[in-house]
Amino acid sequence: MEGKKEKTFKFVIVGGGIAGVTCVEQLSSQFPSEDVALFTAGPLIKAVTNYKQVSRTMEEFDVEEKPSSVLEEKFPNLTVIHSAVKSLHTHSHCVETADGRVFGYKKLCICSGARPKLLTQENPNVLGIRDTDSVQVFQKHLSKARRIVIVGNGGIALELVYEVKGCEVIWAVKDKAIGNTFFDAGAAQFLIPSLEANKAEVAGPCKRLRYTMEEPAPDAAQTFTADKYSRGQNPGTVEPGSALGPDWHRGIELQGAEQVSHRVSVEYQCEVEQIFTSEEFLLSSKQTLEADTGSWPVYVQLTNGKTFGCDFVVSATGVIPNTEPFVHGNNFLLADDGGLQVDDHMRTLQPDVYAAGDVCTACWEHSPLWQQMRLWTQARQMGWYAGRCMAADVLSESIELDFCFELFSHVTKFFNYKVVLLGKFNAQGLGSDHELLVRCTKGQEYVKVVLSRGRMVGAVLIGETDLEETFENLILNQMDLTSYGEELLNPNIDIEDYFD
Ligand code: FAD
């Protein structure tokens with residue numbers, strides 16, 4: 001391998017998603033005279049724009065897909081290599097690309113993301129949603145669909161069931177309540193009416209911008225519109241692209257073949273037992289169990305005994321980290337969720353190899369108020385911090401774990417409500433050692449506070465509550481709130497003034 005190296009870069013980053021691009025930006029600007037390389041499978045890269053630190057741990061930003069030339073223009077020391085990494089040779093410090101080229105590195109950061117866990121690979125009517133191209137496939141299937149089955153209870157499923165119009169949705173969740181990854185049963189109850197209500201058209205500009213390969217001019221931003229999608233333009237991506245992120249469905253028409261607004265039925269506490277093609281279904285005895293008649297391209301048998309025919313199935317049951325090209329022949333430690341284990345300096349077990357974003361699993365001793373979730377914000381934070389750790393290592397400087405890993409915080413939107421999640425928002429890992437305070441105004445707001453030994457350790461805020469900063473402070477300060485009791489959520493008290 002040594003002799004085959006085309007070039008050796010000081011820093012090599014694999015993956016043009018938010019983690020990889022943020023890491024590249026950090027290193028290219030800190031070491032303007034060192035060679036930096038970004039290897040990415042897709043033709044476009046993801047960039048963070050309009051970054052805003054909203055409070056000590058909360059942040060907001062937009063995401064743009066851009067041609068990589070924009071990055072190369074900004075950082076003359078950066079080379080972008082558009083080929084997937086096929087193998088990694090940690091002994092000789094080099095990577096081999098799918099097109100057979102070999103490049104050396106001094107320090108490497110793997111940011112190859114994750115892909116959807118599919119219920120089955122074989123059935124073309126079972127779709128996963130990951131990148132812009134898979135959304136196009138989904139949208140095309142949906143335009144002709146009368147009924148779909150969505151399986152999964154995480155963020156993607158939540159967004160889909162709310163956004164899909166003109167098509168009946170059967171939503172199979174393994175838990176007792178919807179949105180279990182983010183909410184408890186109370187919050188789910190608060191949100192359920194939104195699925196039943198007729199959705200008002202949400203107007204407003206689409207923030208996500210996308211450049212196409214046909215029009216690579218960096219300053220010619222294009223809005224990611226439904227029109228563009230319905231014409232089926234495809235930038236020609238063949239390799240897996242980067243995962244989508246906040247607002248991914250804005251501006252994309254998710255319209256089925258029928259004239260209905262929302263028609264969602266939830267099947268609780270069940271998983272998929274089996275998926276049949278229509279031929280398999282006709283041949284099986286299961287058809288006698290089928291409640292509804294009619295012929296469908298695919299049938300889903302659930303563990304609750306029900307079988308549903310549908311046009312297609314969306315498998316939104318989590319992700320698998322993309323580690324395959326890197327692990328073969330190397331001595332990495334993989335976590336139970338399949339991620340590359342990293343320590344508090346984003347280092348893997350292999351010398352000079354770091355990892356960040358969805359591909360890695362944070363295996364340091366976490367702050368009691370933080371947990372890893374494969375989210376956009378954490379991909380940015382990890383990519384940025386990995387870049388700083390690589391730099392500190394090169395400069396023999398010490399570096400402390402970044403403050404962003406002190407408190408989990410996530411700001412998002414579900415069912416058109418603003419949602420803020422803080423700390424152990426679902427009392428994760430607290431067992432029975434906690435109490436909950438809840439305030440709920442139907443259709444307006446849902447506020448839940450998790451207290452442990454009188455201290456606030458987590459919160460769920462749905463709606464325009466305006467409480468996020470005060471609660472963030474109370475969680476970070478770990479002030480004893482025992483004497484305040486339920487007054488904490490008294491709507492007649494201006495809590496901000498109270499704790500000033
Ligand atoms: P990715 O963005 O997946 O990027 C990985 C990159 O690596 C890609 O460029 C890929 O082409 C490249 N790559 C992969 N393998 C190789 C290889 N062998 N060689 C070279 N390059 C390779 N998060 C939120 O916070 N809020 C949301 O609302 C939200 N919604 C989501 C909706 C959907 C439909 C999906 C799929 C995800 C959503 N997420 C959301 C999660 C978020 O998108 C991810 O956590 C985040 O994008 C991860 O970033 P990353 O850089 O680690 O990986």
Side-chain angles (χ1 to χ4, degrees), residues 12-24 37-48 59-61 63 65 68 80-88 95-99 103 108-117 127-135 138 152 154-160 163 181-182 208 237-250 252 254 314-316 318-328 339-340 355-361 372-384 386 408-414 419 421:
V12 165
I13 292 94
V14 181
I18 226 60
V21 171
T22 313
C23 186
V24 159
L38 170 65
F39 288 67
T40 187
L44 301 167
I45 55 104
K46 286 256 156 81
V48 167
E59 52 186 55
E60 274 176 17
F61 51 83
V63 175
E65 275 190 327
S68 57
V80 180
I81 293 168
H82 284 289
S83 184
V85 169
K86 191 177 72 182
S87 58
L88 164 65
V95 290
E96 193 173 353
T97 59
D99 56 7
F103 297 90
L108 170 75
C109 189
I110 302 172
C111 304
S112 50
R115 62 181 187 282
K117 234 185 250 167
L127 310 181
I129 296 193
R130 181 69 194 158
D131 46 26
T132 348
D133 298 291
S134 57
V135 172
F138 170 74
I156 296 173
L158 263 175
E159 295 192 88
L160 277 183
E163 294 299 330
T181 323
F182 294 103
R208 176 156 317 180
T237 314
V238 280
E239 301 288 355
S242 315
L244 298 155
D247 282 353
W248 62 275
H249 43 75
R250 298 271 176 272
I252 307 174
L254 295 181
V314 184
S315 166
V319 294
I320 308 170
N322 289 323
T323 58
E324 290 78 9
F326 312 99
V327 289
H328 188 73
L340 292 172
D358 279 7
V359 74
C360 80
T361 304
Q372 181 179 6
M373 286 183 86
R374 289 189 163 83
L375 295 167
W376 201 254
T377 20
Q378 291 197 355
R380 194 204 68 79
Q381 292 166 342
M382 286 183 173
W384 181 76
F408 174 88
S409 64
H410 185 52
V411 184
T412 186
K413 249 187 179 178
F414 284 124
V419 174
L421 305 170

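Residues: numbered from 1 along the sequence shown. Just follow the structure's listing: the first ligand is 1, and inside any ligand the first atom is 1.
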Are the side chains of [X] and [Y] in touch, meaning some heavy atoms are under 4.5 Å apart?
{"X": "Val359", "Y": "Phe326", "value": "no"}
{"X": "Leu108", "Y": "Ile110", "value": "yes"}
{"X": "Met382", "Y": "Cys111", "value": "no"}
{"X": "Thr377", "Y": "Phe61", "value": "yes"}
{"X": "Thr361", "Y": "Arg374", "value": "yes"}

Calculate, to the nearest 0.5 Å, the distance between atoms [atom1] and [atom2] belonging to [X] and [Y] respectively.
{"X": "Ile81", "Y": "Phe103", "atom1": "CD1", "atom2": "CZ", "value": "3.5 Å"}
{"X": "Glu65", "Y": "Leu44", "atom1": "CD", "atom2": "CG", "value": "5.0 Å"}
{"X": "Thr22", "Y": "Trp384", "atom1": "OG1", "atom2": "CH2", "value": "11.0 Å"}
{"X": "Glu324", "Y": "Lys86", "atom1": "CD", "atom2": "NZ", "value": "15.5 Å"}

So is [X] polar-close to ligand 1, meaning N/O to N/O under 3.5 Å?
{"X": "Val359", "answer": "no"}
{"X": "Ala84", "answer": "no"}
{"X": "Pro325", "answer": "no"}
{"X": "Trp376", "answer": "yes"}
{"X": "Asp358", "answer": "yes"}
{"X": "Val85", "answer": "yes"}

### From Gly16, Ala157, Gly155 - option closest to atom 6 (C) of ligand 1 by heavy atom
Gly16
Side chain or backbone of [X] under 4.0 Å from ligand 1, or both, or neither, by non-hydrogen atoms?
{"X": "Ser112", "result": "both"}
{"X": "Val14", "result": "side chain"}
{"X": "Pro116", "result": "neither"}
{"X": "Ile156", "result": "side chain"}
{"X": "His410", "result": "side chain"}
{"X": "Gln378", "result": "neither"}

#### Entry: Heavy-atom gap Lys46 to ligand 1 smaller than 4.0 Å
no
### Task
With heavy atoms of Ala379 as the reference, note each atom of ligand 1 found under 4.0 Å away.
48 (C), 49 (O)
### Message
Please check: side-chain N/O of Gln378 versus main-chain N/O of Met373, any donor-acceptor pairing under 3.5 Å?
### Response
yes
